[in-house]
Colleague: 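Take a look at the following structure, please.
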Amino acid sequence: MADEPVSEAGVQELIGLLVHVIEAAGALIIFTGAVWAFARFAATGLRRRSLIGEFNKIRLSLGRFLVLGLEFQLAGDVLRTAVAPSFTEIGQLAAIAAIRTILNFFLTREIAQERAELEHEREREREEDQHVPPGQAAPPAPPGDRPLTCLTQP
C-alpha cells in the first residue's frame, strides 16, 4: 500500500479544499477592505463637512483591498484548473486574468496620479507656509518631511 500512487480523485479533492480556503481568504480580504472603507468614510463624514480630499484616499485604499482579494480569487481559479482542466475552465481563467490585469493597471495608474496630486498639494502648502513669492522655489523640506521614495536615494 505504501507504494500505491496517489489517485487523481484524491488530488482533485485536496485541490478542491485548497481552492475553497484560498477563495475564502480573498473574500475575507475584500470584506475587510469594504468594512474598513465604510468605517473611515463614516468617521470622516462625522468630523468634516467636506469629504472630497479624504474620499479619494478612502477609495484608493479600498481599491488596494479589492486588487489583493482579486489576486487570491485568481490564485484559486488557477489552482482549480491545475488538474485536468477543460477548455471552458481555461477560457474562464483567461477572462478572469484579463479582467484582473485591466483592473490592476487602472488602479495602479490612479494611485500614482493621486500620490502626485497629494505631493503637489503638500509642496504648495509648504510654499504658502514659508511665504515664498511666486516663481521661486521653496527651501528643501527637513529630512523627516520628505517622502521615502527609494532606499538608495540620499
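When a residue number appears, it is its place in the shown sequence, counting from 1. Basis for what follows: all heavy atoms, side chains included, without hydrogens, waters or symmetry-related copies.
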Colleague: Which distance, rounded to the nearest 0.5 Å, do you find between the CG of L93 and the CG of L79?
Modeller: 11.0 Å
Colleague: Answer yes if F105 and I102 sit in the same cluster of Ile, Leu, Val, Met, Phe, Trp and Tyr residues linked by side chain heavy atoms under 4.5 Å apart, and no otherwise.
Modeller: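 Both belong to a single hydrophobic cluster.
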Colleague: The criterion is side chain to side chain contact (heavy atoms under 4.5 Å, CB included); which residues satisfy it with E89, sequence neighbours excluded?
Modeller: T81, P85, S86
Colleague: Which pairs of donor and acceptor atoms, one on a side chain in residues 11-21, lie under 3.5 Å apart (sequence neighbours left out)?
Modeller:
residue : atom : partner : partner atom : Å
Q12     : NE2  : E8      : OE2          : 3.4

Colleague: Side chain to side chain contact (heavy atoms under 4.5 Å, CB included) with E121: which residues, sequence neighbours excluded?
Modeller: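 Listed in chain order: R124, E125.
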Colleague: Give every residue pair that meets the salt bridge (charged side-chain N to carboxylate O under 4.0 Å, His left out) criterion with at least one member in residues 24-43, sequence neighbours excluded.
Modeller: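 Listed once each, the pairs are R40-E54.
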Colleague: Side chains of residues 58-74: which donor-acceptor partners sit under 3.5 Å, not counting sequence neighbours?
Modeller:
residue : atom : partner : partner atom : Å
R59     : NH1  : E110    : OE1          : 2.8
R59     : NH2  : E110    : OE1          : 2.9
S61     : OG   : K57     : O            : 3.0
E71     : OE2  : R100    : NH1          : 2.8
E71     : OE2  : N104    : ND2          : 3.1
Q73     : NE2  : E23     : O            : 2.8

Colleague: E117: which residues meet the salt bridge (Lys or Arg N to Asp or Glu O under 4.0 Å) condition with it, sequence neighbours left out?
Modeller: none
Colleague: Donor-acceptor pairs are to be reported for all side-chain atoms of residues 28-37 against protein atoms at under 3.5 Å, with residues two or more places apart or in another chain.
Modeller:
residue : atom : partner : partner atom : Å
T32     : OG1  : L28     : O            : 2.7

Colleague: Who clusters with F87? Use side-chain heavy atoms, under 4.5 angstrom, across I, L, V, M, F, W and Y, and order the result by chain and number.
Modeller: none
